[in-house]
Amino acid sequence: MPNDAMEVKTICQDAENSQFTVTINDEDNTPLPVANQLPRIKILGTGGTIASKGGSSSATAGYHVDLTIQDMLDSIPDISTICQLEYEQLCNVDSKDINETQLMEIYHGVASSLQKFDGIVITHGTDTLSETAFFIESTIDSGDVPIVFVGSMRPSTSVSADGPMNLYQAICIASNSKSRGRGVLVSLNDQISAGYYITKTNANSLDSFNVRQGYLGNFVNNEIHYYYPPVKPQGIHKFKLNLTNLPPVCILYGHQNLDPKIIDLVKDHYDGVVIATMGAGSLPDDVNDKCISLPDLPIVYSKRSMDGMIPRANLPVNKGNIIASGYLNPEKSRILLQLCLLSNYSMEEIKNVFNGVYGG
Ligand SMILES: NC(=O)C[C@H](N)C(=O)O
């Protein structure tokens with residue numbers, strides 16, 4: 001739903017390095033906190049295991065989303081000396097059910113909070129948290145305001161549930177001045193990471209997220225330790241959302257004996273395709289030939305391997321519709337391609353965008 005009160009100001013039109021700010025022309029001119037007040041933090045609730053209840057205290061699977069933000073806040077230490085808190089329940093779902101509608105709600109929730117709060121916390125299921133974090137980092141220039149995603153791996157009813165501590169840490173991180181200027185962050189299992197790079201690598205463990213580009217910091221006994229001064233990931237391309245539907249892009253998974261007919265099955269139903277290739281861009285010759293034969297369909301070669309990247313030299317052709325994902329995994333490549341298509345970028349402009357993460 002377009003928000004007429006929202007103004008998007010473009011700083012740089014260059015497709016290679018587009019920058020803009022989102023501001024809300026709100027009737028409510030609530031003054032920003034003065035220096036001696038506690039930071040104002042907004043929590044946006046979306047659901048996930050952190051908001052879930054299981055059947056018994058030993059159950060860590062088969063749970064259901066049931067808790068509101070207020071329920072979750074009741075289980076953490078007093079934060080009234082750390083920040084002034086407001087919250088909003090955007091939705092309450094398992095993150096497998098986060099779709100375009102919820103993604104837009106989260107976008108609006110963040111965009112409309114930026115001008116009034118010093119930090120934003122988003123509770124989210126861990127399964128697709130990295131996709132939402134990547135989407136928000138790619139569509140909102142938050143300036144100095146930290147946007148901290150948080151989830152948990154155990155339901156709230158479990159022995160040693162990790163949700164309360166993760167949420168407490170996320171609120172502390174969002175409130176801390178050292179978190180400013182770092183963009184979208186993820187707080188889980190005592191680690192602070194860049195939302196742009198994080199990947200869920202373990203389906204069960206508390207140490208579920210991995211980030212080969214390195215953790216940004218650590219949370220121990222109420223202390224936040226950042227390893228580096230504020231920095232944002234290299235190559236982020238900021239898109240202006242014009243709030244229409246995201247163009248459909250599908251992901252195909254490479255394997256031995258991959259049949260080129262799979263490309264024919266999807267080509268008329270999607271505006272773009274991402275392939276999780278084997279190795280660093282490897283696909284059977286007949287699949288490559290099929291992809292090249294569809295010059296109007298952008299096809300991003302990403303990878304099954306969690307780490308590494310797709311060198312452009314491994315693409316079957318160095319022109320046309322085949323694009324290297326660089327360091328981006330298939331699900332992030334999908335979002336980036338959707339945003340490029342939404343912006344009506346040409347094939348060359350899409351390549352420029354992916355070039356930012358060493359693809360293109
Ligand atoms: N740990 C979790 O949050 C997993 C859950 N299925 C979700 O993504 O909502």
Side-chain angles (χ1 to χ4, degrees), residues 43-76 87-107 109-110 120-137 147-171 173-174 184-211 215 219 251 306 329-332 334-335:
I43 303 186
L44 302 171
T46 74
T49 300
I50 194 168
S52 293
K53 282 184 181 166
S56 73
S57 61
S58 59
T60 57
Y63 43 78
H64 59 281
V65 176
D66 200 27
L67 300 185
T68 62
I69 303 178
Q70 185 58 60
D71 295 331
M72 290 190 270
L73 289 172
D74 289 342
S75 66
I76 68 169
Y87 60 80
E88 188 180 345
Q89 192 81 51
L90 296 179
C91 56
N92 218 6
V93 297
D94 187 292
S95 73
K96 69 179 165 49
D97 294 320
I98 296 278
N99 57 24
E100 216 173 291
T101 307
Q102 275 104 32
L103 219 44
M104 291 303 178
E105 274 169 18
I106 298 170
Y107 170 85
V110 173
I120 298 169
V121 172
I122 303 172
T123 58
H124 198 293
T126 57
D127 289 346
T128 69
L129 184 152
S130 65
E131 288 166 71
T132 304
F134 183 85
F135 180 84
I136 293 297
E137 185 67 280
I147 300 172
V148 186
F149 279 81
V150 62
S152 81
M153 292 302 289
R154 290 183 181 149
S156 66
T157 40
S158 140
V159 179
S160 298
D162 53 332
M165 183 52 106
N166 287 348
L167 178 61
Y168 173 70
Q169 293 185 354
I171 294 170
I173 290 164
V184 175
L185 300 171
V186 175
S187 156
L188 198 97
N189 203 36
D190 302 338
Q191 310 287 358
I192 309 167
S193 320
Y196 192 78
Y197 284 129
I198 200 94
T199 304
K200 183 168 183 174
T201 55
N202 191 304
N204 320 100
S205 155
L206 299 192
D207 196 15
S208 161
F209 285 150
N210 204 312
V211 57
Y215 293 116
F219 193 110
I251 299 175
M306 195 205 111
N329 65 19
E331 57 269 31
K332 290 180 184 172
R334 172 182 163 271
I335 290 170

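Residue numbers run from 1 in the order of the sequence given. Counting starts at 1 for both ligands and their atoms, following the listed order.
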Query raised in the report: Gly47: heavy atom below 4.0 Å from ligand 1, yes or no?
Result: no
Option among [options] that satisfies the side chain to side chain contact (heavy atoms under 4.5 Å, CB included) test with [X]:
X	options	answer
Leu44	Ile147, Ile69, Val110, Thr123	Val110
Asn99	Thr101, Asp97, Leu103	Thr101
Thr126	Ile198, Leu188, Val150	Leu188

Asp127 heavy atoms within 4.0 Å reach ligand 1 at atoms 4 (C), 5 (C), 6 (N), 7 (C), 8 (O)
Near Gly48 (heavy-atom distance under 4.0 Å), the atoms of ligand 1 are 9 (O)
Do any nitrogen or oxygen atoms of [X] come within less than 3.5 Å of a nitrogen or oxygen of ligand 1?
X	value
Lys96	no
Thr128	no
His124	no

Note: Ser52, heavy atoms under 4.0 Å from ligand 1, region reported as neither
Exercise for review: For atom CE of Met165, decide whether the heavy atoms of other residues, nucleotides or ligands shown that lie under 6.0 angstrom number more than 12.
Suggested key: no
Ranked by distance from atom 8 (O) of ligand 1, the top protein heavy atom is Ser95 OG, 2.5 Å
re atom 5 (C) of ligand 1, the protein heavy-atom contact at minimum distance is Thr49 OG1, 3.2 Å
Is any side-chain heavy atom of Phe209 closer than 4.5 Å to one of Lys200? yes
Just by distance, no angles: are the side chains of Thr199 and Thr201 close enough, under 3.5 Å, to form a donor-acceptor pair? no
Correct closest heavy-atom pair for Ser95 and His124 would be CB-CE1, 3.6 Å
